[in-house]
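Some notes on the structure that comes next.
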Amino acid sequence: MDMHQMIMASVKQKINEIRKEDSLVMPIFTDWHVTSCEDSAVKNLLEALFCLKEINPNGVIDLGDNLAMLGRNEHIANKEISSLLTDLFQKAFQTCESPIYFANGNHDGIGTDFFKADFWNEIVKNRYGNEAAQYGEEGSYYYVDFDESNTRLVFLSVPCDSDIEAKMPHPCWKFGEKQIRWLAEKALDTDKNVILISHVPFYYYYVGDAEKTLEVWNGNCTAKAYVKDLCGWIDDIEDVISILNAFQHQNGKLIAVLSGHTHVDSLWAPGESKDEYTNSLPCYQVVTRSVKPYGEEGEFRVALDLMVWTPSEGTLDLIRFGDGEDRKITI
């Protein structure tokens, strides 16, 4: 029995102990940052997804940042990026045999379109089993309903735009007016339980060397961009938080916000404070670590969360497949 099979035996037992008829069960992975289909991360993730077929999940959530630094420190054409992402997602879909629901990360689609939604949508929209997704007017935001668990998953998209021809190009780190209006008027117009999904957490802001720059391709030539601009804070986050609080106060059922991006596990309860940040959302914020952490010897170790949301119990369990700890939320 190999490593993944041993992990799977333990995970399957845990899930069978807590799974109910109304449970929504979905593997979640994020930030695998691959450079090619031969990357060791691809092999390990596919092996994990193959094992996870045993639990008959309702789908798989990809929280984004599928690519490494492609298109930044050297120019990679859109055609090459599209081909790589398509190959990766097709392999994952064929392996897991469940619908895959995508949230675009800041590393995805960074060729000459530089975060443009139409570039990303051409690769993932209504493909890989996610045809039931209900998209907004434009962009990469959508929701999916799971009637058995009376639950709606809402996927938000950031960044919303970019100034690729600027001397110092950077994405526009906003949800944007159209997406926010769609969230308030369409996505949250429901009496279902709502789980919100966004690659970038609502609390995140860049804390590294703000003056550090990387080369990017701006559509015509190589240019410089600040790292903080490529890994930024969501500028209109307060508008979204206000909408979510209003929804919850009007008898909404906002369960949690799930994110990636930071490469580390984190969990904040409503109103909880850590360092200088206080969770002003009326729900938990949950962050899943990168799918490819590395051990002390540099060996690859996979890390996925298995979300088990059970409305009848009011519990959201995150069972870890691989490195990391299990986490539990009681609503």
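For the numbers below, each heavy atom of this structure counts, side chains included, while hydrogens, waters and symmetry mates do not.
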Minimum heavy-atom separation for R289 and T30, please, with both atom names.
O-CG2, 3.2 Å

Any chance CD of E325 has more than 12 other-residue heavy atoms, nucleotides or ligands included, within less than 6.0 Å?
no

ring-ring contact (aromatic ring centres under 6.0 Å, His included) with Y284: which residues, sequence neighbours excluded?
none

Residues 145-154, side-chain donor-acceptor partners within the protein, below 3.5 Å, at least two apart:
residue, atom, partner, partner atom, Å
D145, OD1, R152, NE, 2.6
D145, OD2, R152, NH2, 3.1
D147, OD1, K192, NZ, 3.0
S149, OG, F146, O, 3.3
S149, OG, T151, OG1, 3.3
T151, OG1, S149, O, 2.8
T151, OG1, W309, NE1, 2.9
R152, NH1, K186, O, 3.4
R152, NH1, A187, O, 2.9

Using only atom types and a distance under 3.5 Å, with no angle test, would you say the side chain of T278 pairs donor to acceptor with the backbone of S280?
no

SB check D326 R320 (cutoff 4.0 Å)
no

Of all the heavy-atom pairs spanning V302 and N44, show the shortest one and how long it is.
CG2-O, 4.4 Å

Contact check, side chains of I61 and I197, non-hydrogen atoms, under 4.5 Å
yes

Would N106 and H261 count as having a side-chain donor-acceptor pair, cut-off 3.5 Å?
yes

Give a yes-or-no answer on whether the side chains of S266 and Y203 include a donor-acceptor pair shorter than 3.5 Å.
yes

Please state whether the rings of F102 and Y128 are parallel, tilted or perpendicular, taking 30° and 60° as the class boundaries.
perpendicular

Show your working on salt bridge (Lys or Arg N to Asp or Glu O under 4.0 Å) between K174 and D235 and close with a plain yes or no.
CA-CA 5 Å; K174 292 183 178 181; D235 292 334; 5.6 Å; no

If you count heavy atoms of other groups shown closer than 6.0 angstrom to NZ of K228, is the number above 12?
yes

Closest heavy-atom pair and its distance - Q134, W182:
O-CZ2, 4.0 Å

Check for me whether K212 meets the cation-pi criterion with Y226, that is, NZ or CZ under 6.0 Å from the six-membered ring centre and within 45 degrees of the ring axis.
no

Over 12 foreign heavy atoms within 6.0 Å of CD, E122
no

Quick check: does any side chain N or O of E272 sit under 3.5 Å from a backbone N or O of W268, one acting as donor and the other as acceptor?
no

How far apart are the closest heavy atoms of P201 and T262, and which atoms are they?
CG-CG2, 4.0 Å

Trace of the side-chain hydrogen bond (donor to acceptor under 3.5 Å, both in side chains) decision for N279 with Q285
CA-CA 8 Å; N279 180 14; Q285 291 200 57; 3.0 Å; yes

Regarding D65 and H199, is there a side-chain donor-to-acceptor distance under 3.5 Å anywhere?
yes

So, are R181 and E177 salt-bridged, with charged N and O less than 4.0 Å apart?
no

Taking all non-hydrogen atoms of both residues, which atom of C283 and which atom of I255 are closest, and how far apart?
CB-O, 3.6 Å

Under 3.5 Å side-chain donor-acceptor pair for W120 and D108:
no

Can you list, pair by pair, the side-chain donor-acceptor contacts under 3.5 Å of residues 85-100, counting residues two or more places apart and other chains?
residue, atom, partner, partner atom, Å
T86, OG1, S82, O, 2.8
T95, OG1, K91, O, 2.7
S98, OG, C96, O, 3.4

